[in-house]
Amino acid sequence: MYWKSFLAITAIAPNVNAAGATLRFSCSQLTVERLDPIINAGVVGSPHLHQIVGGNAFNASMSGDVSTQATCTSCTPTEDFPNYWTATLFFRARNGTFKRVNTLGNPLGFGAATGGQTVYYLSSGKVTAFKPGFRMTVGDPSIRTDSGLKKYPQLQFTCLQTSTTRTGYQDNSRFFYETYWDTTPFNNKAEWPVDGSQPFVWSFGDVTGYGNHADYVFGWKGDALQRAMDANCNSDLFTNSINCATLKTQTIQQANQCTKSAVVNDNLGGWLTELPGGVKVNRL
Ligand SMILES: *[C@@H]1O[C@H](CO)[C@@H](O)[C@H](O)[C@H]1NC(C)=O
Ligand SMILES: *[C@@H]1O[C@H](CO)[C@@H](O)[C@H](O)[C@H]1NC(C)=O
C-alpha cells in the first residue's frame, strides 16, 4: 500500500475562457526539520516536525525576497526558490514506538527524486503571480473531525493500491502540491494496533488525518513565475519535462543535491519512544 496525501491550495482566480499554463514539476526533499517560519516565525524548535522542499534559504526567521538569499533549489525549475512544506507522517507500532514514514519521488515520472513533493501551477487565462514575501497556509492541525475539515476541501488523501493508482481525485485549484508517503515498510499487520485501528499518526499527534495542513512561502526569482504563466508553459505528460523556453531547469539528480541540514537536533532515525518535540498522540 502506498498512501498519497494530496495537498491543494487554491490561490489564483482563473479566467476560464482563455488558454492556460499547466506546470508540473518535481521538488526533492530539502530537509526534515522542526521549524515553521509562518506559524512559529523565529522559533527554533516549532511544536511539530515538517518535511520541506524548495530553496535553501529556508529558516525559522526567513523573510523578504528569499530568491535572492537561496543558493540552490531542490525543485527542477532553477528559478523556483519558494518553500513548500507539510507535516511528516509516523507509523505507530503495537508496542507504542514510532518510525518515520518516508516520502517517495512521484512514481508518475519523478521516481528519481529523493522524496519531496510534486508541485503544480495551473492557470486558465491571465493570472498575476504572487509577490516576494507572500506566504500562505491551508488546513488546521487542531482539527479532528470530518465537519472541521469541510472548511478545507482542498486537502485530500488517496490510498494507492499500486504506486501509480489514482482514483476519485477532483480538483479545481490553481496551485497545489502532492506528497507520496511510502507505507510499504509497514505492511505487516502483526505490528498494527490490536484494536484494528489504522497505524499512522501525523507529527502533530493526529491519528484521524483531519488535521492535515500545508504551507508555502513564495520565492520565485524576479518575474520567472509570471513569465511562465504568461507563456502558458506546460509539462509534457510523456517525458515529464517542462515545455517552457522561458524557464531554466535542472535534472532531478541535480535537484537532489540541494539539501539543508537540520538545526534542531531531533533524533529522527529508527524506532522512537515519542514523537519529535514530545508531541502526544491525541484525538482532542
Ligand atoms: C534566516 O533568513 C534570514 C533572511 O530571510 C536571514 O536574515 C537570517 O540571517 C537567517 N538566519 C539564519 C540563522 O540563517
Ligand atoms: C517495537 O516494535 C517494532 C515493530 O515491531 C520493533 O521493531 C521494535 O524492536 C519494538 N521495540 C521494542 C522496544 O520492543
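First listed ligand is number 1; within each ligand, the first listed atom is number 1. Given the structure is predicted, the values throughout are model-derived calculations rather than measurements.
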- Message: Heavy-atom count check: over 12 atoms from other residues, nucleotides or ligands less than 6.0 Å from Asn265 CG?
- Response: no
- Assert yes or no for the condition that the ring centre distance of Tyr216 to Tyr177 is strictly below 6.0 Å. no
- Exactly one candidate in Arg100, Glu33, Gln117 meets side chain to side chain contact (heavy atoms under 4.5 Å, CB included) with Gln51; the answer is Gln117
Any protein N/O atoms within less than 3.5 Å of an N/O atom in ligand 1? List the atom names and distances, or say none.
{"unit_1": "ligand 1", "atom_1": "2 (O)", "unit_2": "Asn59", "atom_2": "OD1", "d": "3.3"}
{"unit_1": "ligand 1", "atom_1": "2 (O)", "unit_2": "Asn59", "atom_2": "ND2", "d": "2.5"}
{"unit_1": "ligand 1", "atom_1": "5 (O)", "unit_2": "Ser63", "atom_2": "N", "d": "2.9"}
{"unit_1": "ligand 1", "atom_1": "5 (O)", "unit_2": "Ser63", "atom_2": "O", "d": "3.3"}
{"unit_1": "ligand 1", "atom_1": "5 (O)", "unit_2": "Gln69", "atom_2": "OE1", "d": "2.6"}
{"unit_1": "ligand 1", "atom_1": "11 (N)", "unit_2": "Asn59", "atom_2": "ND2", "d": "2.8"}
{"unit_1": "ligand 1", "atom_1": "14 (O)", "unit_2": "Asn59", "atom_2": "ND2", "d": "3.2"}

- Phe200 and Trp181: ring pair (Phe, Tyr, Trp, His ring centres under 6.0 Å), yes or no, with the steps? CA-CA 11 Å; Phe200 297 102; Trp181 299 96; 9.6 Å; no
- Message: Checking Tyr210 against Arg144: is there a side-chain donor and acceptor pair closer than 3.5 Å?
- Response: no
- Query: Between Lys126 and Asp230, is the closest basic N to carboxylate O distance under 4.0 Å?
  - Reply: yes
